[in-house]
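Structure first, commentary second.
The residues of the chain are indexed from 1 along the displayed sequence. Computed from a predicted structure; not experimentally measured. Reckoned from all heavy atoms, side chains included, excluding hydrogens, waters and symmetry mates. In each ligand, atom 1 is the first atom listed, and ligand 1 is the first ligand listed.
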Amino acid sequence: MNIKVCVGSSCHLKGSYDVIEQMKEILKKYDVEDLVDLQASFCLGFCAQGVTVKTDGLDAASVEKIGEDQLFLHNVNKDNAEDLFVKDIYPLLNC
Ligand code: FES
């Protein structure tokens, strides 16, 4: 699975760097670093709702679960990143 944190100019101003650092900690805390490729991304097209995080590279079970092959999270910040990860991304890791 890929987790792509937007580092476009709008998201950068809203704290992309903090989200990436927080996401590194979260992946370590939940012991899923080997299952996730954390990346920075150019603008994901949802600048007004940044920081935007996109999850793709999902396995077939996850695609079936959400009916999409990618998932977007919006308004992500260092304070809500863990809650959003636990609610929306962790279940897709099927671990
Ligand atoms: S700058 Fe992040 S969605 Fe456009």
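- Applying the ring-ring contact (aromatic ring centres under 6.0 Å, His included) definition to pairs two or more places apart or across chains, none involves residues 47-68.
- The distance from the CG atom of Leu92 to the CD1 atom of Ile3 is 9.5 Å, given to the nearest 0.5 Å.
- Neighbouring protein atoms of atom 4 (Fe) of ligand 1 (N, O or S, distance under 2.8 Å, waters ignored): Cys43 SG, Cys47 SG.
- Between Glu33 and Lys24 there is no salt bridge, since no side-chain N of the basic residue sits under 4.0 Å from a carboxylate O of the acidic one.
- Side-chain contact annotation: Glu82 with Tyr90, donor-acceptor N/O pair under 3.5 Å absent.
- Side-chain atoms of Asn80 come within 3.5 Å of backbone atoms of Asn77 as a donor-acceptor pair (strictly under, hydrogens ignored).
- Checked by atom type and distance alone, the side chain of Ser10 pairs as donor or acceptor with a backbone atom of Cys47 at under 3.5 Å.
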